[in-house]
Amino acid sequence: MPVIVQRTFIKAPVDVCFDLARNVDVHTQTTSKTNEKAVAGVTEGLMEEGDEVTWEATHFGIRQRLTARITEMDRPHRFVDVMVKGTFHSFTHTHEFFEKTEVTVMVDTFAYKSPLGPLGMLADRLFLEKYMRSFIELRAAGLKKMAEKEKGSEVNSEPK
């Protein structure tokens, strides 16, 4: 089961980062490359524990739908969403937020299992894990940009 961990250093308050990360409208904006949009469940605003959203997006030239549920929430430090229906066999996406000196560290941990057994494992090695890592990095970069703009400050490097 591949596990992708993405750490992003954001010069903005932890509550701003947390709320942007669970905002359906922000998710749509930060995944515009795949034309992602919410088509069922919570389709705008902030998601709460127990909420579900169905996303429609284009990946690898194929239009797909995926439904995820927020299963845990500890504002403003952590929330977890899990796939309840979709192309993957399963996935769990844990979003964590840590306050450090002048920054929030956002940690995305995305653990997934591909469908199709051995064929899915081969797809992971050949292209899927790299694709998912890039997708998560791109979304995190978009969220960072929005959070820093909202706060009124930009940082282009990670703190030492």
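At least one donor-acceptor pair closer than 3.5 Å links the side chain of T28 to the backbone N or O of V24. Side-chain N or O atoms of D74 include none that pairs as donor or acceptor with a backbone N or O of H77 at under 3.5 Å. The closest donor-acceptor contact from the side chain of T104 to the backbone of F98 lies at 3.5 Å or more, if one exists at all.
Closest of all the heavy-atom pairs between R75 and F18 is CG-CE2, 3.5 Å. Smallest separation of non-hydrogen atoms from V14 and P76: CG2-O, 3.5 Å. Nearest heavy-atom pair, A140 versus M106, reported as atom, atom and distance to 0.1 Å: CB-CE, 3.8 Å. In terms of heavy atoms, D19 sits closest to L46 at O-CD2, 3.3 Å. Pairing each heavy atom of D124 with each of L128, the nearest pair is OD1-CD2, 3.4 Å. When every heavy atom of V53 is checked against every heavy atom of A38, the shortest pair comes out as CG2-CB, 3.7 Å.
Note on V3: it clusters hydrophobically with V107, by side-chain heavy-atom contacts below 4.5 Å among ILVMFWY residues. Linking Ile, Leu, Val, Met, Phe, Trp and Tyr residues whenever their side-chain heavy atoms come within less than 4.5 Å leaves L20 and L138 in two separate clusters. M132 is connected to L66 through a chain of hydrophobic side-chain contacts under 4.5 Å among Ile, Leu, Val, Met, Phe, Trp and Tyr, so both are in one cluster.
Screening Y112, F110, F135 for a ring pair (Phe, Tyr, Trp, His ring centres under 6.0 Å) involving F91 leaves a single residue, F110.
Electrostatic pairing of E129 and R125 does not count as a salt bridge here, judged by no charged N lying under 4.0 Å from a carboxylate O. Salt-bridge formation is not detected for the pair R139/D108: no Lys NZ or Arg NE/NH1/NH2 atom is positioned less than 4.0 Å from an Asp or Glu carboxylate oxygen.
No hydrogens or angles considered: nothing links the side chains of T58 and N35 as a donor-acceptor pair under 3.5 Å. At a cut-off of 3.5 Å, with distance as the only test, a side-chain donor of T54 or T67 sits close to an acceptor on the other residue. Residues H27 and E36 bring a donor and an acceptor atom of their side chains to less than 3.5 Å of each other.
Residues M1 and S90 have side chains in contact (heavy-atom distance under 4.5 Å, counting atoms from C-beta outward). No side-chain heavy atom of T30 sits under 4.5 Å from any side-chain heavy atom of K145. Annotation: side chain of H95 is in contact with side chain of D81 (closest heavy-atom distance under 4.5 Å). Counting heavy atoms from C-beta outward, H93 and T109 have side chains that stay 4.5 Å or more apart.
Residue pairs meeting the salt bridge (charged side-chain N to carboxylate O under 4.0 Å, His left out) criterion with at least one member in residues 44-66, sequence neighbours excluded, are R22-E48, K37-E56, E52-R69, E56-R63, E56-R65.
For CD of E102, the number of neighbouring non-hydrogen atoms (other residues, nucleotides, ligands) closer than 6.0 Å is 12 at most.
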E148 vs K144, test: salt bridge (Lys or Arg N to Asp or Glu O under 4.0 Å). Steps then yes/no. CA-CA 6 Å; E148 290 176 349; K144 171 184 169 75; 3.0 Å; yes

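Taking the six-membered ring where tryptophan is involved, the planes of H59 and Y131 are perpendicular, since the angle between them exceeds 60° and thus also 30°.
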